[in-house]
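Okay, so here's the structure we're looking at.
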Amino acid sequence: MVDWASIESKWRERWRGTEVAHADASREKRFITVAYPYPNSPQHIGHGRTYTLADVHARFERMRGRNVLFPMAFHYTGTPILGMAERIESGDEGLISGLVDLYGVPRERIPEFADPVKIARYFHEEIRSGMVEMGYSIDWSGEFTTIDPAYKKFIAWQVRLLRERGVIVQGSHPVGWCPRDSNPVSQHDTRGDVEPDFVEYTIVRLALEGGRVLPAATMRPETVYGVTNAWVNPDMEYARVRVAGAEWLVAPECISKLSHLDAGPVESTGTSVRGADLVGLTARVPGVDRDVRVLPATFVRADVGTGAVMSVPAHAPYDCAALEDLRRAGGEAGEIARSIRPVQIIQTEGRGEDPAGELVAAAGVASQGDERLEGLTKDLYAAEYYGGTMLPGTGSLAGMPAREAKEAAAEWLAGEQRGPPEAMYEFSNAPIFCRCGTACVVHVLSNQWFIDYSSAEWKALARRALGALEVVPPEMRPEFEHVFGWLRERACARQTGLGTALPWDGGWTVESLSDSVIYMSYYVVSRFVNAGRLDPESLDDAFFDHVLLGRGSAREAAASCGADEETVAEVRSEFEYFYPVDSRHSGRDLVPNHLSFFVFNHALVFPERHWPRQIVVNGSVLMEGKKMSKSMSNIIPLRQAVREHGADPIRLAILSSAELLQDADFKLDLVRSSSRQLESMISECARIGSGGGGEASPADEWLGARVRETAGTVSSLIERMRLREAVRHVMAGLDADLAWHARRAAPSGGGAVALREAWAARAALLSPFAPHAADEMWESLGMDGTASSSAWPGSSARGDDAALLLSELAVASAMSDIQRILRSARIGASRVTLHVAGQAKSRAHDVMLRAAEGGAADIGSMMRALGADPGAAAMRRDAAFVKRTLSDILSATPRERRLRLEGDADEAAAYRSGLAPLVAHELGAELVVLGEGEGGGPKAASARPFKPAILVE
RNA sequence: GCGGGAGUCGCCAAGCCCGGUCAACGGCGCAGGGUUUAGGUCCCUGUCUCUUAGGGGUUCGUGGGUUCGAAUCCCACCUUCCGCACCA
């Protein structure tokens, strides 16, 4: 067993400091960043994936000679940590035992976790240690947190700049709200950790005779043209309240909801009215200007909406059923109901003129109390919302798809009704309770700050930035384009949580997805702050304007912020050197938010030459086939995994379990087998050591060529972040080559020099993926320095590489054919005779190969190509040969075809020098290599190029 | 509904972008053999089907199409996973 812990710590010591990068005009730079972590828990395998990918990228670029800046920071901004602190303070045993038992937090430290910053610091250190232990080659000199004073200055500068550019706007916005605390609630504030989710109802003010208003709340404002009557519950009391300058009749439960809409005071104006007393009144539908009657319905609920409902019997099953109930019951209301006909206003494929009526009839609904009405309503709503079109007679809505009409109708009604409240909200997952026990309501904040991502010019700019960068893998680009299309206003500040105060409105804190959009530019600054060369307190807008945007002079900026001029100039030049971001790595869950905001904000803030160059998106990680659950049950903390299995085995397991975009299934089996593979590679290198000598055999030359070829393949795979495949080439691919080389070297012995060179190259190729093991191998081989600081193995082929590789393919293929014959014929052999195809056949093969590469691969084209070549024309007569040779060519790999075109291999010579010893050694048989016409064997004529005729005796 | 991913020989899972070594990498399972006191580990062989001198047939969600040739490209459909926000 390899002792990973001691190997890893040994190499970490040796590497210390080598990852720090500074501006160096003589070298090409690469700025590689990963989304910084949120320190509210230790990192697990899933987090490890993104960071490992980025680290491989950074290590690879470094070995290729690039000056790589790969920094890290910690995102303290946000509310979850605050929520945790509050729960700790209130003694939440569930959370505490989770922290202690699953996350391994020492119990004596729990009390200090009542302070959210202490929580963040704790997990910050935890995560940082894990990153170091995983061998990530992070440059820590620019490390910061998002609540550092200097970072806050940076964010203040950023939001002021965004406001100057006109993208920060104020508006109203509904949130879950605790009336007792007068504070917004989100998931971690609620009992049972429920995320408040709500739906919007449009208020339609039905004007009763005498000036009173009966407001109906509806989720389908587009159906207002189909209203035939209004519903009230006859058994309910309706409160009289003054709202927006008129007297409204609403359910008592509605009063508090109205008062949270930020639409002025809601005052009681007298005693309540019984629903039954409203029946029969005439109400005017706003906008449509149609008079309808108020009718009684028992399905109307006091706790939903306003307590009054508009009736659209053509499109609402409840309304349809309630009218039918009235008709049957008779009386005055029944008379009115009988006179009502459904008004169809939406046409939907596959539905008739009375969609609700048809559904109700088909289901055999007996009354408005039927429970199936709920389901029917949902079905019809979904069908019409997604597939319906507004019919003529619906004013400006006519012809619109229903889903568009919904928004348009809400807007139009708001205009008709002049002034708020226009909409009200209900929790869709009610009831929701605050942790203090109070029932929550939906509250409208009218002074909410937004970043307005909806602006057309900004979108155009962002699309240009997206078009100019590389998305890896390319399949993700359409998803970005789609997101860019629907991005709208986004709340950019909250009233609680850690972070930076809005400079112009101190009650608000910049929200976490808004203070993380251009922070990569701040890494350059933070290194100067950490080094004590900049005073965090004195950093001001003039400073950031200069160093990040090049505005003004270093002298002016220095004067303004009190730093010395050279320092400011140096920050500016470091920034100019390292920006733009060459590669941004993150999980795909950040595509619709962070990564999109990252592009938008860069496009707006920075000049085009500083726009990001590449985004790399990876899928998530499953544990043994299952999704990692937030309940922490199957989450393995990364540090624990490193302690138990070693960093490199985990790195390999993460990398080789899936290609970039797919969900990686993390299996301990894979970790263990990776560990074994690395162990055997290390011990093989130890066995080879630094010694060796002797002449290089053809097999040795071949091995060198194979290593060069592999290096080229691996490079191009890493460039496309196809790391799984790259790892396979380094591990399995070279394994097979080394095994073949061992077979070939067995008869003659030797090969030690070539072997050592091949293993050294292999160690270097492995280094980005498994850096500790690679350096251990490198050292065993007696190489200078470290694999991780060595130059990436050369991949350019030497002159005769193609011929070497091709000859060896021929040898291997003939050997495998011979063995196959022996196996299937169940015979032994004392002599194997090979007949190698003659000159005319070779010529014909080349002609056909070129023709096939040119795209014409049918027999007819082959015949024509052969006819056009004097040296090969004669072979046309041998139709069987042409047919078989064509299928040989077509079934060859692209690589092999390329080698056949490029390489000038002497088949017969390859068999004599390479195959004969192998046949003698492994089969104990003599190999005779003859020309096609020699020896007159029965099979000789069937020889084809790279497919010799074989006779076993 | 929209956007994206995925459906492969018992299971997991490569290949698909760049159509032809694809009956289709690899692992698990299963069968046989070796190592071993035994078990485990480890090694070898086999694992759609018919053959038995390096071979043929039928397969890669379903149905069409393009092509000399399709798991791979195009179209339609079915199934399934993820996202559609103000949360990091």
Worksheet entry | Pairwise P distance for B:C82 and B:G33, with rounding to whole Å | 47 Å
Discussion item. Does anything in residues 591-600 of chain A form a salt bridge (charged side-chain N to carboxylate O under 4.0 Å, His left out)? List the pairs, not counting sequence neighbours.
Written reply: none
Discussion item. Can you tell me which nucleotide in B:A88, B:A53, B:C86 comes closest to the side chain of A:Ala491?
Written reply: B:C86
Report each atom pair, protein N/O against N/O of nucleotides 1-4 of chain B, whose distance is under 3.5 angstrom.
residue	atom	partner	partner atom	Å
B:C2	O2'	A:His482	NE2	3.2
B:G3	O4'	A:His482	ND1	3.4
B:G3	O4'	A:His482	NE2	3.3
B:G4	O4'	A:Glu479	OE1	3.3
B:G4	O2'	A:Glu479	OE1	3.3
B:G4	O2'	A:Arg588	NH2	3.3

Could you pull out the protein-nucleic contacts involving nucleotides 22-27 of chain B (nitrogen or oxygen on both sides, under 3.5 Å)?
residue	atom	partner	partner atom	Å
B:C25	O2	A:Arg728	NH1	2.8

Fill in: Set of ring-ring contact (aromatic ring centres under 6.0 Å, His included) partners for A:Phe450, sequence neighbours left out
A:His173
Worksheet item: Listed by chain and number, what are the ring-ring contact (aromatic ring centres under 6.0 Å, His included) partners of A:His443, not counting sequence neighbours?
Response: A:Trp177, A:His260
Item to complete: List in chain and number order the residues that pass side-chain contact (heavy atoms from CB on, under 4.5 Å) with A:Glu725, two or more places apart in sequence or in another chain; answer none if no residue qualifies.
Response: A:Glu659, A:Leu717, A:Arg722, A:His729
Response to the item:
Quick note, A:Thr79 side chain, CB onward, closest among B:C87, B:G54, B:C86 is B:C87
Name every donor-acceptor pair, under 3.5 Å, that has one atom in a side chain of residues 880-890 of chain A and the other anywhere in the protein, sequence neighbours excluded.
residue	atom	partner	partner atom	Å
A:Thr885	OG1	A:Phe881	O	2.8
A:Ser887	OG	A:Arg884	O	3.4
A:Asp888	OD1	A:Arg944	NH2	3.2
A:Asp888	OD2	A:Arg944	NE	2.7
A:Asp888	OD2	A:Arg944	NH2	3.3

Practice prompt. Applying ring-ring contact (aromatic ring centres under 6.0 Å, His included), name anything that partners A:Tyr38, two or more places apart in sequence or on another chain.
Written response: none
Discussion item. Applying side-chain hydrogen bond (donor to acceptor under 3.5 Å, both in side chains), can you list everything that pairs with A:Thr500, at least two apart in sequence or on another chain?
Written reply: none
